[in-house]
Amino acid sequence: MSRQYNLEKLRNFGIIAHIDAGKTTVSERLLFYTGVSHKIGEVHEGDTVMDWMPQERERGITITAAAITMHWKGIQMNLIDTPGHIDFTAEVQRSLRVLDGAVVVFDGVAGVEPQSETVWRQADKYGTPRICFINKLDRMGGSFEKSFQSILVKLTPNAVAMNYPIGEEENLSAIIDLLKMKAIYFEGDKGKDVVEKEIPAEYLEKAKAWREKMVDRIAGEDDTLTNKLLEGQDISVEELMVVMRKACLAFKLVPVFCGSALKNKGTQLVLDGVVDYLPSPLDIGMVKGTDPKTGAEIERKFSDDEPFSALVFKVATDPFVGQLTFFRVYSGVLNKGTYLLNSVTGEKERIARILRMKSNSREELDVIYAGEIGATVGLKDTVTGHTLCDVDKPIILEKISFPEPVIAMRVEPKTKADQEKLIASIRKLTQEDPTFRIKEDIETGETIISGMGELHLDIIADRLRREFNVDANFGKPQVAYRETITMEAEAEEKYVRQSGGKGQYGHVWLRVKPKERGAGFEFIDEIKGGSVPKEFIKPTEKGVIEAMDKGVVAGYPLVDVEVTLFDGSYHEVDSSEFAFKIAGSMALQHAAKAAKPVILEPIMKCEVITPEDFFGTVISDLSSRRGKIEETKERVGMKVLDASVPLSEMFGYATALRSLTEGRASFTMQFDRYEPVPSNVAQQIIEGKRQ
């Protein structure tokens with residue numbers, strides 16, 4: 001079976017945005033206009049194709065990234081609709097890692113919002129070319145110019161308007177295509193018919209001014225066009241599009257489109273924008289990886305003729321087929337029934353079935369080609385971030401990094417029979433979601449689950465009940481505190497035991513030093529002259545790591561520490577790995593206690609939108625929660641507060657805010673950083689009074 005679409009006719013792109021900017025509504029329009037669905041699903045009616053989970057439909061939000069294949073003007077498009085809520089940021093991270101381009105959706109009333117900035121930075125991290133769509137211009141307070149300005153100021157000065165709206169708020173009637181200088185109307189059933197007309201006379205001057213700005217920006221990226229512009233020559237639409245595509249792929253310009261997905265205006269222009277400006281796999285050219293044996297860098301071209309390589313970017317439990325493993329093919333061709341190597345685990349996996357996903361339904365394939373996105377079932381030990389590749393030509397592709405969880409809670413089965421079922425179900429969910437963790441509290445024997453926020457854990461609890469039929473009791477959410485040190489210190493520890501026959505002897509000198517926040521743990525071996533033999537260095541490190549997990553102040557993990565083993569001694573007969581592990585563990589405890597340890601707490605970036613009447617009340621409430629107000633802004637009759645607040649003070653804030661503002665205020669928050677807790681709060685944590 002030969003490839004249906006050439007690589008240059010393939011687009012893998014995602015839709016990313018702040019929560020409630022209208023991503024899923026945009027996706028549903030794209031599916032309708034490309035003929036994938038014959039009815040437009042609406043978020044508020046709970047019948048969308050992309051938000052198919054019961055939890056998504058009930059809450060009207062996207063929780064899991066949904067993949068779907070569609071076709072537009074001879075181009076095959078693989079679309080991933082990602083969540084906007086910060087608790088599900090992992091879905092955005094993993095999607096951006098495997099996508100070639102992105103459509104960033106903005107609320108035309110709010111413009112750039114906190115999570116818009118987060119997803120923009122995530123796209124920067126992965127070098128993802130993007131186009132923008134300013135949505136919801138039909139709403140009261142919708143303003144293309146204000147929203148466009150907020151993109152220029154907060155995200156990138158390289159944004160270039162490709163459209164301009166005719167009418168705003170309820171009068172939005174059409175979109176001006178500034179390239180063609182035509183008014184585009186969306187007529188017929190659900191705006192399916194795209195009709196070009198002349199620009200209304202009252203908008204002509206404004207359109208000319210915006211087009212002039214657009215031409216200046218695009219021509220500035222190409223010497224030939226710059227000369228033409230200076231000489232007063234006409235520049236054709238085709239020339240502008242070619243240069244705009246090059247500039248977009250090189251992150252030098254970002255095309256901006258506009259409209260209202262809900263009112264079926266402007267969405268087809270976004271599809272054209274994906275075709276015209278976002279990259280095909282050929283534009284990306286190649287992917288880099290490492291040789292699992294030598295660690296040397298390897299490059300693989302996006303080509304069917306190269307050895308096979310694919311990155312697993314998502315694992316999901318499907319009620320009908322079991323565990324689904326989503327992968328992006330970077331090179332080579334995969335036929336069903338083939339054995340592949342998981343180059344991270346070293347195990348072979350048989351690909352019994354290849355599926356092309358259509359949200360929560362599937363199409364069976366016999367073969368999948370370079371550049372495409374597919375799924376398979378029944379893999380044993382393959383999880384997110386693993387590489388599947390040709391058995392004889394192994395490669396490890398760059399893994400996906402995920403943020404650490406900031407909130408935890410206890411979970412226990414209601415009956416003995418539920419115990420095994422609970423652990424098995426939680427393990428399945430941790431395979432699906434790398435930001436969801438499980439651990440046993442050794443001292444209490446309790447199972448602790450942790451995640452990115454209250455909503456994240458709420459959804460997990462809901463899924464355990466519905467999907468896995470597990471009855472469990474859940475404790476109150478608790479903050480995932482951390483500990484660190486604030487100065488350098490050294491400690492010596494000898495572990496000596498003699499009880500007749502062979503004894504135990506381990507002796508180490510450790511130096512601990514604080515690292516930058518978020519820099520992690522580093523173990524340095526500075527042993528000279530063999531005072532500690534090579535075979536005992538790893539066990540010492542293991543002991544250090546175990547001690548760090550237990551912490552030294554209040555039992556929370558110790559982070560951002562550099563530990564150096566610089567001296568010690570051993571006994572020819574009595575020294576053992578066990579003795580050095582214990583010595584390493586004890587030395588770390590003593591050194592860390594001497595290095596002025598502190599407790600760290602997660603600080604959240606919080607945005608509250610409130611009517612002006614309640615402005616003072618909201619500020620004083622945030623201040624009472626140890627919040628720091630960083631900025632206040634106006635937004636269409638509302639006040640917007642940006643604040644930094646400790647997570648421990650924000651439990652139940654949604655309910656409190658509703659009662660303070662008669663239900664008229666809303667807020668979003670996301671993890672920002674860890675900071676030392678004040679000493680009075682630290683004392684309460686140590687005494688176990690604080691939840």
Side-chain angles (χ1 to χ4, degrees), residues 1-13 34-36 65-72 74-80 95 97-100 279-287 289 298-316 318 320-344 347-382 384 386-397:
M1 180 177 157
S2 63
R3 178 191 274 282
Q4 192 180 353
Y5 283 85
N6 294 330
L7 276 168
E8 69 270 15
K9 293 193 178 295
L10 188 62
R11 299 286 183 276
N12 293 307
F13 74 102
T34 55
V36 172
I68 203 151
T69 300
M70 55 196 187
H71 303 92
W72 179 255
I75 301 282
Q76 178 181 317
M77 295 178 168
N78 294 317
L79 162 68
I80 295 186
S95 302
R97 170 65 182 83
V98 297
L99 292 170
D100 301 331
S280 73
L282 284 184
D283 295 310
I284 305 296
M286 64 175 69
V287 65
I298 310 173
E299 288 181 348
R300 291 272 164 89
K301 286 183 189 144
F302 275 98
S303 163
D304 298 343
D305 304 324
E306 291 268 302
F308 183 81
S309 67
L311 183 74
V312 172
F313 68 95
K314 182 175 163 70
V315 175
D318 186 289
F320 302 106
V321 296
Q323 197 173 67
L324 271 171
T325 304
F326 290 77
F327 57 89
R328 163 78 195 267
V329 183
Y330 283 97
S331 60
V333 176
L334 175 65
N335 291 289
K336 81 175 180 190
T338 307
Y339 277 92
L340 293 176
L341 174 73
N342 179 331
S343 54
V344 176
E347 299 293 320
K348 286 184 186 174
E349 296 270 22
R350 183 171 179 269
I351 309 299
R353 293 168 72 190
I354 302 172
L355 307 168
R356 178 172 286 145
M357 297 309 294
K358 294 194 172 173
S359 188
N360 64 330
S361 61
R362 296 155 295 280
E363 175 193 346
E364 296 269 354
L365 302 175
D366 292 324
V367 61
I368 192 164
Y369 298 92
E372 297 195 325
I373 289 174
T376 187
V377 291
L379 301 191
K380 298 189 293 291
D381 301 312
T382 299
T384 299
H386 283 183
T387 301
L388 293 170
C389 59
D390 193 306
V391 175
D392 301 320
K393 299 276 174 66
I395 184 173
I396 296 178
L397 300 171

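When a residue number appears, it is its place in the shown sequence, counting from 1.
The side-chain heavy atoms of Leu10 and Leu282, taken from C-beta on, include no pair separated by under 4.5 Å. When side chains are defined from C-beta on, Leu388 counts as touching Val312, because their heavy atoms get closer than 4.5 Å. Side-chain atoms of Phe313 and Ile373, non-hydrogen and from C-beta on, do get closer than 4.5 Å to each other. Here the side chains of Leu397 and Val287 are in contact, with some heavy-atom distance below 4.5 Å. Looking at Phe308 and Thr338, their side chains never come closer than 4.5 Å, going by heavy atoms from C-beta outward. You'll find the side chain of Leu7 stays beyond 4.5 Å of the side chain of Ser280, heavy atoms only.
The minimum heavy-atom distance linking Cys389 with Pro394 is given by the pair SG-CA, 3.6 Å. Listed here is the closest heavy atom pair of Gly371 and Pro281: CA-CG, 4.0 Å.
Taking the side-chain hydrogen bond (donor to acceptor under 3.5 Å, both in side chains) definition, one finds that Lys348 meets it with nothing, sequence neighbours left out. With sequence neighbours excluded, no residue forms a salt bridge (charged side-chain N to carboxylate O under 4.0 Å, His left out) with Asp390.
Summarising the geometry, atom CD1 belonging to Ile354 is positioned 6.5 Å from atom CG belonging to Asn335; distances are rounded to the nearest 0.5 Å. A distance of 5.5 Å separates CG in Leu311 from OG1 in Thr387, rounded to the nearest 0.5 Å. The CG atom of Asp381 sits 6.0 Å away from the CD atom of Glu347 when rounded to the nearest 0.5 Å. Taken from NZ in Lys336 to CD1 in Ile368, the straight-line distance is 13.0 Å, to the nearest 0.5 Å. Atom CG in Leu355 sits 9.0 Å away from atom CZ in Phe326 (nearest 0.5 Å). To the nearest 0.5 Å, atoms CG (Leu340) and CZ (Arg350) are separated by 11.0 Å.
With Glu306 contributing its side chain and Arg300 its backbone, the two residues share no donor-acceptor pair below 3.5 Å. Put simply, the side chain of Thr376 gets close to the backbone of Arg353: a donor and an acceptor are under 3.5 Å apart. For the pair Asn12 (side chain) and Leu99 (backbone), a donor-acceptor distance under 3.5 Å is absent. Looking at Thr34, its side chain never comes within 3.5 Å of a backbone N or O of His71 through a donor-acceptor pair.
Taking a cutoff of 4.0 Å between a charged side-chain nitrogen and a carboxylate oxygen, Arg356 and Glu372 qualify as a salt bridge.
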Apply side-chain contact (heavy atoms from CB on, under 4.5 Å) to Leu79 and Phe13, showing your working.
CA-CA 5 Å; Leu79 162 68; Phe13 74 102; 3.6 Å; yes
Chi angles and distances behind the side-chain contact (heavy atoms from CB on, under 4.5 Å) call for Ile351, Leu379
CA-CA 8 Å; Ile351 309 299; Leu379 301 191; 3.9 Å; yes
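Counting only residues at least two apart or in different chains, salt bridge (Lys or Arg N to Asp or Glu O under 4.0 Å) contacts with residues 325-335 comprise Asp100-Arg328.
Test Thr382, Thr325, Asn342 against Glu349 for side chain to side chain donor-acceptor pair (under 3.5 Å) and you get one pass: Thr382.
In this structure, Tyr330 has its ring center under 6.0 Å from that of Phe302.
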